[in-house]
Amino acid sequence: MSIMELVELPPEVVELLRVALVAELTVVDGRGRPVSYPLIPFWDGSRVLFTSAVLFSRKLEHIAANPKVSVSLSDPVAMQGVPFHRAVIQGDAQVRSDEDPHTSWERLLPLWRAKEPAIDMFVKRRFGIPLFFERHTIEVEPKKVFLWRDGDTSQAPEVSTPRVLAVS
Amino acid sequence: MGALAVDEAIRRARTYPHGVVSYVGADGYPMSVAAGHVDAPDGELVLGPLAPKLLPKNGTEVGVIFSHIRPQPGIGYDERRYVDMWGPAQVKGGLLRLRPTTATGWDEAETPFFEYAERNVGRGRDYLEKAGARPHLSAFWTVFLATRLPFLTATIIPVALGGAIAGHDGRFHWGWWALCLLAGIAAHLGINVINDVADADSGSDAANVTPTPFSGGSRVIQYGLVSRRTMVVTAAGLYAVAAVIGLVLALTRSTELLWFGAVGLVLGYGYTAGPFRFVHRGLGEPVVALGFGPLMTAGTYLAITRSFSWESVYASLPVGILCALILYVNQIPDRTADAATNKRTLIVRWPAARVVAGYAIAAGLAFALVVAGPILGITPAWTLIGLGGAWWAVQTYRPLAERYDAPYALMPVMQSNIVAHLVTGLLLVAGYLIAALV
């Protein structure tokens, strides 16, 4: 019997994660400086997931050295018309460097396809750009969530701590 | 991500409706919060207003990223671009003032994604090495890439033409023709593989950040998919197959074939590899025209019929010239990397206008030879149908000047050029076969 951990986030944040085409993943570099990367975010009910080609591996190295990250959901255009809020999720990231970079990220394909259907075309032609499809997955465990209803960041956010549920 | 001048980064940042301000909080987690622009003097960004508790302390090193995409329903998104900058924050009245000290950015309209990815191949390989992993593809795709299998039409056409001419003379033999084809394929694949090794050794493929499916080599060595040693062994094996078949043909059909084989191996090996390095000397095109024209066609005819034919030499000239033009056009997107590594192809040596004119003259010559053949009584009248391939040569020539500096926009041009060779060759073969039947 397997145990699957579920994490409860505010429903508005879950909806942003479901539709967002881009989020800014901010990591901390070796000099203690924040560095942000626009990436497609995915939510599996437990972790915010990203996948990064080894070609763009600097973020992976930063996370390996310092797992503290934030994920900003801020761009109304990228939210595709969903009632607009803004959110930031702070959390601990893990690069799944223990997994095979050739195939492990493929478990994210259903989530990826839902946001970027064209990915299937590129996957079929992965031989043309093979290193782009050598990828590692970044899993962010949410620790604190900031929510701005209507996206107005001049106002104080609603701050919450994600609740962890265990479902067998 | 490439470095940007700060002033340019600020100019670009002001075209985005908002940025995301990031800083590392007291708990060690980065905070990243969206903020709009407020009018600011030159050299400065002012963002906000932000809730007071969200603002960093004065002097805190902050990063601000401005990013843009355009959603494309049913596809995903495009128009990816972003600007990223850093500097010490100045906070006053709910606003964050930033005089950036460093900036980076990427705009796929300026640096297409495939070029951007290619520029990071070294980083990707380093990361994989540290992770104890290596990139791989299926055996089929690895062989497909490493040997550049689709370019085999360059061999199939002249060998088919040699067979068709023999057939027109009533002397065709499937078995000898098939052996010629097999030897030609093995030699051609060996040439492709050893050329990749030579281009890896000279650095010209590694320096090429705008490869396409038609240019820039197979890149299996650069991507770490196949080792240099495996490529050398593969090339040697393919050359050995070609040599053994060639020897069998020479011993059983005509010893003159030894000359064809020897010249073919020297031209093929020496195309990019030392000591000849013909392509580095601007001699790549005549070498290809000779090797993938008269040498293959007349060699096939000789192997099948045991006699030399000047007609087969003449009939193969348009095919050889059009094959050379495939290399010629495919070197256009490679020219910056080629020049940087002293691979002085004609494209590197000549200005764009001369290259384009050179295409027109050479393609014109190829089709003039198709026309002149029947007029001079060398080739059958039916070979005039070979002119049908001229349509694709025109489609290659017309956009060539306009797309000269755009590697990816040249892809359909390169494709049409390959089709010009393929169609012309197939029609010449068909012309001989029809002439044999009527």
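Order of the sequence lines fixes the chain letters, A, B, ..., with proteins taken first and strands second; residue numbering starts at 1 for each chain.
Checking side-chain atoms of Gln155(A) against main-chain N and O of Ala51(B) turns up no donor-acceptor pair under 3.5 Å. No donor-acceptor pair under 3.5 Å is formed between the side chain of Ser154(A) and the backbone N or O of Pro49(B). Panel note: side chain Trp86(B), backbone Pro34(A); a donor-acceptor pair is recorded below 3.5 Å.
In this structure, CG in Asn120(B) is found 10.5 Å from CG in Leu131(A), a value given to the nearest 0.5 Å. Distance check, rounded to the nearest 0.5 Å: CG of Leu137(B) to CD of Glu134(A) gives 7.5 Å. Within the model, atoms CD of Gln72(B) and CD of Glu116(A) stand 11.0 Å from one another, a figure rounded to the nearest 0.5 Å. Here the CZ atom belonging to Phe56(A) is positioned 7.0 Å from the CH2 atom belonging to Trp106(B), to the nearest 0.5 angstrom.
Contact count versus chain A (heavy atoms, under 4.5 Å) is highest, among Ala117(B), Gly63(B), Ala35(B), for Ala117(B). No other option in His18(B), Glu61(B), Lys53(B) has as many heavy-atom pairs under 4.5 Å with chain A as His18(B). No other option in Pro17(B), Ala131(B), Ser22(B) has as many heavy-atom pairs under 4.5 Å with chain A as Ser22(B). Annotation: maximal heavy-atom pairing with chain B below 4.5 Å, among Arg86(A), Lys144(A), Lys115(A), occurs at Arg86(A). Considering only heavy-atom pairs separated by less than 4.5 Å from chain B, the leading option among Pro130(A), Ser72(A), Pro101(A), Pro117(A) is Pro117(A). Options Ile40(A), Ile119(A), Val27(A) differ in how many heavy-atom pairs under 4.5 Å they form with chain B, and the most are formed by Ile40(A). Ranking Gly151(A), Gly128(A), Ser74(A) against chain B, the residue ahead of the rest is Ser74(A), based on heavy-atom pairs under 4.5 Å. The most heavy-atom pairs under 4.5 Å with chain A, out of Ser32(B), Pro135(B), Pro52(B), Gly76(B), come from Ser32(B). If you tally non-hydrogen atom pairs under 4.5 Å between each of Ser97(A), Ala78(A), Gly91(A) and chain B, the highest count goes to Gly91(A).
For Pro213(B), no part lies near chain A; criterion is any non-hydrogen pair under 4.5 Å. Contact of Ile69(B) with chain A is made through backbone and side chain together, with heavy-atom distances under 4.5 Å. Proximity to chain A (any heavy atom under 4.5 Å) is restricted, for Val20(B), to the side chain, taken from C-beta onward. If you measure heavy-atom distances from Phe132(A) to chain B, the contacts under 4.5 Å come from the side chain alone. Using a 4.5 Å cut-off between heavy atoms, Asp27(B) contacts chain A through both its backbone and its side chain. With a threshold of 4.5 angstrom between heavy atoms, Thr102(B) approaches chain A through side-chain atoms but not through N, CA, C or O. The parts of His136(B) that come within reach of chain A are both its backbone and its side chain, each placing non-hydrogen atoms under 4.5 angstrom from that chain. Neither the backbone nor the side chain of Phe66(B) comes within less than 4.5 Å of any heavy atom in chain A. Neither the backbone nor the side chain of Leu55(B) comes within contact range of chain A, judged by heavy atoms closer than 4.5 Å. Looking at Pro157(A), the atoms closer than 4.5 Å to chain B (heavy atoms on both sides) all sit in the side chain, from C-beta outward. Neither the backbone nor the side chain of Phe133(A) has a heavy atom closer than 4.5 Å to any heavy atom of chain B. At a 4.5 Å heavy-atom cutoff, the contact between Ile129(A) and chain B is made by side-chain atoms alone. Contact annotation for Val159(A): neither backbone nor side-chain heavy atoms come within less than 4.5 Å of a heavy atom of chain B. Proximity to chain A involves both the backbone and the side chain of Leu50(B), based on heavy atoms less than 4.5 angstrom apart. Residue Leu145(B) touches chain A through its side chain alone, counting heavy-atom pairs closer than 4.5 Å. For Ala133(B), the part lying near chain A is the side chain, with the backbone staying farther off; criterion is any non-hydrogen pair under 4.5 Å. Proximity to chain B (any heavy atom under 4.5 Å) is shown, for Leu55(A), by both the backbone and the side chain.
Two residues are said to be in side-chain contact when any heavy atoms from C-beta on lie closer than 4.5 Å; His136(A) and Tyr127(B) meet this criterion. For the pair Leu54(B)/Trp148(A), a side-chain contact is recorded, criterion being any heavy-atom separation below 4.5 Å from C-beta on.
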Next on the checklist: Apply ring-ring contact (aromatic ring centres under 6.0 Å, His included) to residues Phe127(A) and Phe140(B) and explain how you reach the verdict.
Outcome noted: CA-CA 10 Å; Phe127(A) 61 88; Phe140(B) 170 79; 8.6 Å; no

Item to check | Candidate pair Glu24(A) and Tyr82(B), rule side chain to side chain contact (heavy atoms under 4.5 Å, CB included), full reasoning | outcome: CA-CA 11 Å; Glu24(A) 287 82 22; Tyr82(B) 66 88; over 6 Å; no

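Atom CZ of Arg107(A) has more than 12 heavy atoms from other residues, nucleotides or ligands within 6.0 Å. Within a 6.0 Å radius of CD in Glu106(A), more than 12 heavy atoms belonging to other residues, nucleotides or ligands are found.
Between Ser57(A) and Arg123(B), the shortest heavy-atom contact is OG-CG, 3.3 Å.
Screening Val28(A), Thr26(A), Asp92(A), Val69(A) against Tyr29(B) for a side chain to side chain contact (heavy atoms under 4.5 Å, CB included) leaves a single residue, Asp92(A).
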